[in-house]
Amino acid sequence: MPSTTPPSPSAGPIAPGAVPPVLAEIVRSGFTEGRHRGALVALDPDGEVAWSLGDVAAPLFPRSSNKPFQAVACLRAGAALSGERLALAAASHSGEPFHRELAARVLAEHGFAEDDLRCPADLPLDPAEAEAYLRSGLERARLTMNCSGKHAAMLAACRAAGWPADSYLDPAHPLQRLVTDVVEEATGETVAATGVDGCGAPLLAVSLTGLARGFRALVTAAPGTAERRVADAMRAHPEHVAGTRRHDTWLMREVPGALSKMGAEAVQAVALPDGRALAFKLDDGGMRALGPVLGRALERLGVTGPVTARVAAHPLLGGGVPVGEVRAAF
């Protein structure tokens, strides 16, 4: 079984070429058939690194874990968003009917339609929802894409600021330059690289330590600031950030004051209201190990209770019955 002793703080930069540590293992019928490697950082309430595993200083793309910062930029640009609408702006939503309907309302309220979205058409992110969606005869749509709330918010920001709406995904657009400013302020780092996310929006690279500090900045910001408004909206309406069957929703519902946001390629960031925070990435992008690693990391951060076990549980089936599990290895 994995050790129950917290890892020691990182002794310094990881040596070039060093093998990343194993964060999760796949155990079937008592046999370890695979491993997920990566890096993880945990911050203490003062924002200092409490402990880390792997290289937490190297830049990476946080993927959708950057969405809260994009939502902050939309508010700074003047977008009139609050409550569920603001939570949806920071969402990787499951594509459930209430997600699609609210995204459509946000567009209409700001004078836009689905065709104005620049995200690609897609099926619901949640597999169960995708099955129901297809059974009902519906086809891929831009509103259904998990980033449609973010894109609707970006259009609303362009309308409020008087910026061009048709080029809102251009990295040189005023909104995207503002997003860069927000990310750099929150993380305390200069963006190391710019790419293109799956939804077409610019993607900004920072380190895991910077990502954790950015989430900490959201929850510790003064009430009424754009940062705190985004954090408060996400925590008040977590089902709009994720969905009814997602671990971000469970955490924000069951851990008082927690802010949680996953990203594609197995990225996760969490902050607690007292300033504790964590961020990790699995190198192979193995999303099945996200919950087990998150559950163990939360325990090490001092979060206990039924929700951590629920998040961490990932049984493996054989012949339709549990025969193993994906489990944390630290």
Side-chain angles (χ1 to χ4, degrees), residues 61-75 77 79 81 84-108 110 112-127 129-130 133 138-159 165-171 173 175-176 178-180 182-183 194-205 211 230 233-234 237-243 245-246 248-249 260-269 285 287 290:
F61 285 138
R63 303 298 298 269
S64 286
S65 293
N66 265 349
K67 282 178 177 174
F69 309 121
Q70 293 167 318
V72 169
C74 289
L75 289 183
L81 298 168
E84 295 95 335
R85 289 161 174 75
L86 185 52
L88 192 70
S92 298
H93 65 70
S94 291
E96 296 173 66
F98 69 92
H99 295 127
R100 307 195 303 266
E101 292 163 5
L102 184 57
R105 285 200 299 274
V106 171
L107 287 171
H110 296 276
F112 295 103
E114 182 174 2
D115 287 346
D116 293 307
L117 296 171
R118 293 292 176 263
C119 57
D122 205 351
L123 296 173
L125 181 63
D126 182 276
E129 192 60 38
Y133 185 87
L138 296 172
E139 299 179 349
R140 295 175 186 269
R142 292 180 179 180
L143 277 174
T144 308
M145 202 267 174
N146 76 88
C147 302
S148 64
K150 177 183 79 175
H151 284 251
M154 288 182 170
L155 287 170
C158 290
R159 181 73 82 218
D166 57 351
S167 59
Y168 73 92
L169 295 185
D170 187 330
H173 191 281
L175 176 60
Q176 301 305 334
L178 183 55
V179 171
T180 299
V182 170
V183 169
T194 302
V196 181
D197 210 342
C199 67
L203 186 58
L204 308 176
L211 180 61
V230 169
M234 292 174 67
H237 307 282
E239 68 282 353
H240 286 82
V241 177
R245 292 175 287 269
R246 304 267 297 284
D248 283 331
T249 299
S260 179
K261 185 71 189 74
M262 56 75 71
E265 296 299 321
V267 177
Q268 180 74 51
M287 298 297 285
L290 200 70

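- Here the shortest heavy-atom pairing between F112 and A156 reads CE1-N, 4.3 Å.
- In this structure, L138 and T144 have side chains that are not in contact, with every pair of non-hydrogen atoms separated by 4.5 Å or more.
- Looking at L88 and H99, their side chains come closer than 4.5 Å, going by heavy atoms from C-beta outward.
- The two residues A89 and L81 come nearest to each other via the heavy atoms CB-CD1, 4.4 Å.
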Trace of the side-chain contact (heavy atoms from CB on, under 4.5 Å) decision for D197 with Q70: CA-CA 13 Å; D197 210 342; Q70 293 167 318; 5.8 Å; no
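- Side-chain contact, Q268 with S260: a donor N or O sits under 3.5 Å from an acceptor N or O.
- In this model, no donor atom of one side chain and acceptor atom of the other lie less than 3.5 Å apart for K150 and S92.
- At distances below 3.5 Å, at least one donor-acceptor pair connects side-chain atoms of N66 with backbone N or O atoms of L204.
- Y168 contributes a side-chain N or O that, together with a main-chain N or O of R118, makes up a donor-acceptor pair within less than 3.5 Å.
- Inter-residue side-chain proximity for M154 and Q176 is flagged as met; some heavy-atom pair is nearer than 4.5 Å.
- Here the side chains of V106 and L155 are not in contact, with every heavy-atom distance at 4.5 Å or above.
- Rounding to the nearest 0.5 Å places CG of N146 at 7.0 Å from CG of D122.
- Formation of a donor-acceptor pair under 3.5 Å by the T249 side chain with backbone atoms of R245 is not found in this model.
- Rounding to the nearest 0.5 Å gives a distance of 10.5 Å between OG of S64 and NE2 of H93.
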Which is it for S94 and E239 under the side chain to side chain donor-acceptor pair (under 3.5 Å) test, yes or no, and what are the steps along the way? CA-CA 9 Å; S94 291; E239 68 282 353; over 6 Å; no
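- In this structure a side-chain-to-backbone donor-acceptor pair under 3.5 Å is missing from K261 to A269.
- Note: M234 CE to K67 NZ = 10.0 Å, rounded to the nearest 0.5 Å.
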Given L75 and L86, is the side-chain contact (heavy atoms from CB on, under 4.5 Å) satisfied, shown in steps? CA-CA 9 Å; L75 289 183; L86 185 52; 3.8 Å; yes
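- Taking all atoms of both residues into account, the shortest heavy-atom contact from A79 to A153 is CB-O, 4.4 Å.
- The CD atom of E114 sits 8.5 Å away from the OG atom of S148 when rounded to the nearest 0.5 Å.
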Under the side-chain contact (heavy atoms from CB on, under 4.5 Å) rule, what do R63 and M262 come out as? Steps first, then yes or no, please. CA-CA 8 Å; R63 303 298 298 269; M262 56 75 71; over 6 Å; no
side-chain contact (heavy atoms from CB on, under 4.5 Å) between L169 and V196, worked out: CA-CA 9 Å; L169 295 185; V196 181; over 6 Å; no
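- We find the CG-CE distance between L123 and M145 to be 11.0 Å, quoted to the nearest 0.5 Å.
- Nearest approach of A103 to L143, heavy atoms of both residues: CB-CD2, 3.7 Å.
- For the residue pair P62 and A205, the shortest heavy atom distance occurs at CD-CA, 4.4 Å.
- Summarising the geometry, atom CG belonging to D248 is positioned 8.0 Å from atom CG belonging to L290; distances are rounded to the nearest 0.5 Å.
- For the pair L175 and A77, the tightest heavy-atom approach, listed with the atom from each and the gap, is CD1-CB, 4.5 Å.
- Between L211 and S65 the shortest side-chain heavy-atom distance falls below 4.5 Å.
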